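The next block holds one structure in the form of structure tokens; read it before the comments.
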Amino acid sequence: MLKNKSLLYGLGTGLILGAVLLQLMNAVAPPGSAASKQPAAGEAPEEMDRIRLKEAASTYFNVYDKSQKLYDQPQVDAMLTQKLKEEKDKQAAQPQSAAPDKETYVYISKGMTAAQVADLLQQSGVVADRTALVDKLRQKQLNDKIISGVHGFKGSQELAQVIANLTTQ
């Protein structure tokens, strides 16, 4: 500890000088800062023009134009729920049968287990129940027969069709 005595004295002196300089910089306001933008002490708001009044008020308050519409939180929440309801009604009004069948492509890498493949297919929306797919693959002993690569699924398919797609080229 005594070997580092000069180092510690230097660090302490540097910290003290840095703190003193920081306090000095904070005490002296630079020209052009907020203190110089303040209106004169004797000047009344009625005597100021619109721009200077807006600048003076903006130092302490949020200043907006009269034409700008402001909302509080309950109003925003009400508008948001109204828009969501309109969008849901709009989606419900559209015919579901007019939508084409969704085509999904899934890449299965080499070495993936049946459970991982079932998770992937469930996340992509091809299979609704992953456990049913895993059980069916285990029952037919096709766990190691899954072929790696890109598999395409069009529309909703039965579990047997999905398994056939996974185990054939």
Side-chain angles (χ1 to χ4, degrees), residues 4 7 11 14-15 18-19 21-23 25-26 29-30 32-35 37-38 50-169:
N4 297 332
L7 175 71
L11 283 175
L15 285 173
L21 285 175
L22 181 65
Q23 290 297 324
M25 287 190 309
N26 286 337
S33 69
K37 291 183 184 176
Q38 296 293 330
R50 185 171 186 235
I51 296 171
R52 288 184 50 212
L53 182 63
K54 188 174 182 178
E55 288 176 0
S58 66
T59 57
Y60 299 107
F61 304 103
N62 292 332
V63 180
Y64 302 102
D65 290 330
K66 265 188 169 180
S67 61
Q68 190 174 2
K69 179 82 170 135
L70 297 177
Y71 300 100
D72 58 355
Q73 191 62 39
Q75 290 173 332
V76 171
D77 291 339
M79 287 174 51
L80 184 64
T81 55
Q82 180 184 2
K83 291 285 185 183
L84 285 173
K85 184 179 177 189
E86 289 174 4
E87 288 296 321
K88 284 182 183 178
D89 292 342
K90 196 184 296 182
Q91 286 180 353
Q94 292 177 349
Q96 296 294 335
S97 61
D101 288 337
K102 185 175 94 171
E103 195 166 337
T104 305
Y105 292 96
V106 177
Y107 176 74
I108 298 174
S109 61
K110 189 172 185 168
M112 287 181 78
T113 64
Q116 291 171 335
V117 171
D119 284 336
L120 186 63
L121 291 176
Q122 183 183 18
Q123 288 173 357
S124 63
V126 175
V127 176
D129 187 18
R130 67 172 289 282
T131 56
L133 179 64
V134 172
D135 291 341
K136 194 79 156 178
L137 285 170
R138 191 172 293 137
Q139 182 183 20
K140 292 186 176 184
Q141 297 178 352
L142 296 173
N143 289 344
D144 54 350
K145 304 282 194 251
I146 297 174
I147 298 173
S148 62
V150 177
H151 296 275
F153 301 96
K154 187 168 186 169
S156 61
Q157 295 183 347
E158 296 289 325
L159 210 53
Q161 293 172 331
V162 173
I163 291 172
N165 190 344
L166 291 174
T167 57
T168 58
Q169 290 276 342

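Bear in mind that the values here come from a model prediction, so they are computed numbers and not experimental data.
Here the side chains of Val76 and Met79 are not in contact, with every heavy-atom distance at 4.5 Å or above. Ile163 places a side-chain heavy atom less than 4.5 Å from the side chain of Leu133. Between Gln161 and Leu159, the closest side-chain pair of non-hydrogen atoms is not below 4.5 Å.
Around CD of Glu103, the count of heavy atoms belonging to other residues, nucleotides or ligands within 6.0 Å exceeds 12. Atom CD of Gln141 has 12 or fewer heavy atoms from other residues, nucleotides or ligands within 6.0 Å. Around atom CG of Leu22, more than 12 heavy atoms belonging to other residues, nucleotides or ligands sit under 6.0 Å away.
Atom-to-atom distance recorded for Leu70:CG and Asp65:CG is 10.0 Å, nearest 0.5 angstrom. Tyr64 OH to Lys54 NZ: the interatomic distance, rounded to the nearest 0.5 Å, is 11.0 Å. Annotation: the span from Phe153 atom CZ to Leu166 atom CG amounts to 4.5 Å, rounded to 0.5 Å. Rounding to the nearest 0.5 angstrom, the gap separating the CG atom in Leu80 from the NZ atom in Lys85 is 14.0 Å. To the nearest 0.5 angstrom, Thr167 atom OG1 is 8.5 Å from Ile146 atom CD1. One distance of note links CG of Leu11 with CG of Asn4; it measures 9.5 Å at 0.5 Å rounding.
Salt-bridge annotation for Glu87 and Lys90: present, with a side-chain N of the basic residue lying under 4.0 Å from a carboxylate O of the acidic one.
What you find for Tyr107 and Val150 is that their closest heavy atoms are CD1-CG2, 3.8 Å. Contact between His151 and Ile108 at its shortest, heavy atoms only, is CD2-CD1, 3.6 Å. Considering all non-hydrogen atoms of both residues, Asn165 and Gly152 come closest at ND2-O, 2.6 Å. The heavy-atom pair separating Ser109 from Ser148 by the smallest distance is C-CB, 3.8 Å. Smallest separation of non-hydrogen atoms from Ala114 and Leu137: CB-CD1, 3.9 Å. Nearest heavy-atom pair, Ala118 versus Val134, reported as atom, atom and distance to 0.1 Å: CB-CG2, 3.6 Å.
Within the structure, side-chain hydrogen bond (donor to acceptor under 3.5 Å, both in side chains) contacts touching residues 122-139 (residues at least two apart or in different chains) are Asp119-Arg130, Asp129-Thr131.
Checking side-chain atoms of Gln91 against main-chain N and O of Lys88 turns up no donor-acceptor pair under 3.5 Å.
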